[in-house]
Amino acid sequence: MATFLYITLITFLATASAVNGCPPSDRAALLAFKADLHEPYLGIFNSWTGTDCCHDWYGVSCDPETHRVADINLRGESEDPIFGKAGRSGYMTGTISPSICKLERLSSLTIADWKGISGDIPRCITSLPFLRILDLIGNRLSGDLPANIGRLQRLTVLNVADNLISGEIPRSLTNLSRLMHLDLRGNRISGRMAVLATLNLDANKLSGLIPASLFNSGISNLNLSKNAFEGYLPDVFSAGSYFTVLDLSYNNFRGSIPKSLSTASYIGHLDLSHNHLCGKIPLGSPFDHLEASSFAYNDCLCGKPLKAC
Ligand SMILES: *[C@@H]1O[C@H](CO)[C@@H](O)[C@H](O)[C@H]1NC(C)=O
Ligand SMILES: *[C@@H]1O[C@H](CO)[C@@H](O)[C@H](O)[C@H]1NC(C)=O
């Protein structure tokens with residue numbers, strides 16, 4: 001009887017650890033990922049020991065059903081108490097190992113604000129079919145965005161702002177139909193733009209004409225400031241237009257401010273300054289609260305809040 005109980009218990013424990021534990025392949029991939037990184041101040045990787053990567057490995061979480069690694073969330077700025085000793089910010093060097101791509105159920109990858117992580121974004125990242133969030137803001141990543149990034153059909157967030165990424169915006173980005181937040185600002189990305197969905201492309205070196213569809217695509221925070229966009233602003237706004245931010249400053253836009261902009265239901269922050277616009281500023285409620293600075297440094301704009309025409 002005792003033997004039977006003992007065997008049952010062993011079987012139970014073995015089953016429990018196989019069910020709840022982290023698959024050895026995921027664990028190996030995480031350890032290979034860790035091996036290419038160096039984080040000496042906080043010691044967050046000290047917690048990445050033992051066999052069960054699903055429990056108490058800092059920043060790692062597993063899917064409760066599949067028990068595969070689903071999220072990696074490593075932020076150099078965090079409210080976590082572990083950050084208290086480093087004055088609430090961390091520093092990490094090294095590179096992002098392609099072994100990350102072996103975590104085939106990965107849904108969210110955040111490696112943000114570590115300031116020192118360099119090298120390329122692994123090309124193989126586009127083979128992670130479940131990836132929804134890719135947030136690599138605030139590192140020193142270089143190289144270009146993978147050309148076939150459009151393969152990440154589930155991607156909703158792509159944030160690579162404040163890195164050293166160069167090259168062109170991949171055409172395949174237009175295939176990311178679920179993308180809700182795209183932030184490429186503060187990089188060296190250049191090239192003409194195809195039709196894109198939602199974005200923050202400020203402070204890159206983009207040029208060319210803006211597709212009209214960009215202004216009525218449902219993006220509410222559109223910052224194209226400090227690029228080299230040119231041409232006329234399309235007259236495509238309507239009562240369905242809603243912008244918390246519409247920042248088109250520091251480009252080469254010319255012509256007049258589209259009349260339809262005054263029909264927009266809401267424009268929180270509008271900045272058209274530092275372009276080559278001319279003509280009368282439209283009247284209407286979205287313009288009532290705007291200050292002269294929103295229109296300054298153009299060729300010949302006039303009317304409220306600037307001087308009368
Ligand atoms: C977008 O997706 C379609 C259908 O999957 C594919 O044929 C096309 O080549 C893709 N475009 C780009 C630029 O990747
Ligand atoms: C838009 O981007 C520019 C350049 O990065 C920045 O200076 C500006 O504050 C941004 N505008 C808004 C409204 O956030």
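In what follows, every heavy atom counts, from backbone to side chain, and hydrogens, waters and symmetry copies are set aside. First listed ligand is number 1; within each ligand, the first listed atom is number 1.
For the residue pair R132 / S107, a side-chain donor-acceptor distance below 3.5 Å is found, with atom types taken as modelled.
Those atoms of ligand 2 with a heavy atom of V245 less than 4.0 angstrom away are 13 (C). Each of the following atoms of ligand 2 lies closer than 4.0 Å to a heavy atom of H269: 13 (C). Counting the atoms of ligand 2 from 1 in the order shown, those under 4.0 Å from a heavy atom of D247 are 1 (C), 8 (C), 10 (C), 11 (N), 12 (C), 13 (C).
In the candidate list L224, L270, T244, N223, N223 is nearest to atom 12 (C) of ligand 2, counting heavy atoms.
Contact check on R75 versus D135 returns a salt bridge, with a Lys/Arg side-chain nitrogen under 4.0 Å from an Asp/Glu carboxylate oxygen. Between E77 and K115 there is a salt bridge, with a side-chain nitrogen of the basic residue lying less than 4.0 Å from a carboxylate oxygen of the acidic one.
On the SG-SG cut-off of under 2.5 Å, C53 and C22 qualify.
Between F243 and F237, the ring-plane angle classifies as perpendicular under the 30° and 60° cut-offs.
Distances between N or O atoms of S225 and those of ligand 2 include no value under 3.5 Å.
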